[in-house]
Amino acid sequence: QVQLVESGGGLVQAGGSLRLSCAASGRTFSRYNMGWFRQAPGKEREFVAAISWSGASTYYADSVKGRFTIFRDNAKNTVYLQMNSLKPEDTAVYYCAANTLSALRLRAAGPSDYNYWGQGTQVTVSS
């Protein structure tokens, strides 16, 4: 099992930056692909970014490409989401999640394909 704890959310002005962190428990973190999702009030949870267990493959939603970067440090059992040029529409609760899919399947993985979830961290972008 993996337990995930997100941090780093907060209030930021449009155009600003935030870095989210997701710390995982356990010694098998490096076996898991990791993803970031977000959910705004009244909307479904949506995919933001994913990274394979080795870090060799990354995938992004079109809405965040070029602004967000996902990376991981397996020695620290942590995955990060660097968010730049934030927009008000990025406002949401951000969740990290873990799965053990193949890299090929990871590209198209949705929320139901992830086995473990964190509790979420709020990101609010003011205009």
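Counting begins at 1 with the first residue of the sequence. No hydrogens, no waters, no symmetry mates; every other heavy atom, side chains included, goes into these values.
One N or O on the side chain of Glu6 and one on the backbone of Gly120 form a donor-acceptor pair closer than 3.5 Å.
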Distance-only check: which donor-acceptor pairs under 3.5 Å involve side-chain atoms of residues 100-109, not counting sequence neighbours?
from	atom 1	to	atom 2	distance (Å)
Ser102	OG	Arg105	N	3.3

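Residues forming a ring pair (Phe, Tyr, Trp, His ring centres under 6.0 Å) with Tyr80 (at least two apart in sequence, or on another chain): Phe71. For Arg72, there are no salt bridge (charged side-chain N to carboxylate O under 4.0 Å, His left out) partners at least two apart in sequence or on another chain. With sequence neighbours excluded, the residues that form a side-chain contact (heavy atoms from CB on, under 4.5 Å) with Ser85 are Arg67. Residues passing the salt bridge (charged side-chain N to carboxylate O under 4.0 Å, His left out) test with Glu89: none are found, sequence neighbours excluded. Every residue two or more places apart in sequence or in another chain was checked for a salt bridge (charged side-chain N to carboxylate O under 4.0 Å, His left out) with Asp113, and none qualifies. Listed by chain and residue number, Phe47, Tyr114, Trp117 satisfy the ring pair (Phe, Tyr, Trp, His ring centres under 6.0 Å) test with Phe37 (two or more places apart in sequence, or in another chain). Under the salt bridge (charged side-chain N to carboxylate O under 4.0 Å, His left out) criterion, Lys43 pairs with no residue, sequence neighbours left out. Residues forming a side-chain contact (heavy atoms from CB on, under 4.5 Å) with Ser57 (at least two apart in sequence, or on another chain): Ser52, Tyr59. Ser126 pairs by the side-chain contact (heavy atoms from CB on, under 4.5 Å) definition with Leu11, Gln13, not counting sequence neighbours.
Pairing each heavy atom of Gln122 with each of Ala92, the nearest pair is NE2-O, 3.4 Å. The two residues Asn84 and Ser17 make their nearest non-hydrogen contact at OD1-OG, 2.9 Å.
For Asp90 and Lys87, the salt-bridge test fails: no basic side-chain N is under 4.0 Å from an acidic carboxylate O.
Atom-to-atom distance recorded for Asn77:CG and Gln3:CD is 12.5 Å, nearest 0.5 angstrom. The CG atom of Asn33 sits 4.5 Å away from the CG atom of Asn99 when rounded to the nearest 0.5 Å. We find the CD-CD distance between Glu44 and Gln39 to be 8.5 Å, quoted to the nearest 0.5 Å. One distance of note links CD of Gln1 with OG1 of Thr28; it measures 10.0 Å at 0.5 Å rounding.
The hydrophobic cluster containing Ile70 also includes Val2, Leu4, Val12, Leu18, Leu20, Phe29, Tyr32, Met34, Trp36, Val48, Ile51, Tyr60, Val64, Phe68, Val79, Leu81, Met83, Leu86, Tyr94, Tyr116, Val123, Val125, under a criterion of side-chain heavy atoms closer than 4.5 Å among ILVMFWY residues, counted directly or through chains of members. In the hydrophobic clustering (ILVMFWY side chains linked at under 4.5 Å, chained through shared members), Trp53 stands by itself.
No side-chain heavy atom of Lys76 sits less than 4.5 Å from a side-chain heavy atom of Ser21.
Within 6.0 Å of CD on Glu46 lie more than 12 heavy atoms contributed by other residues, nucleotides or ligands.
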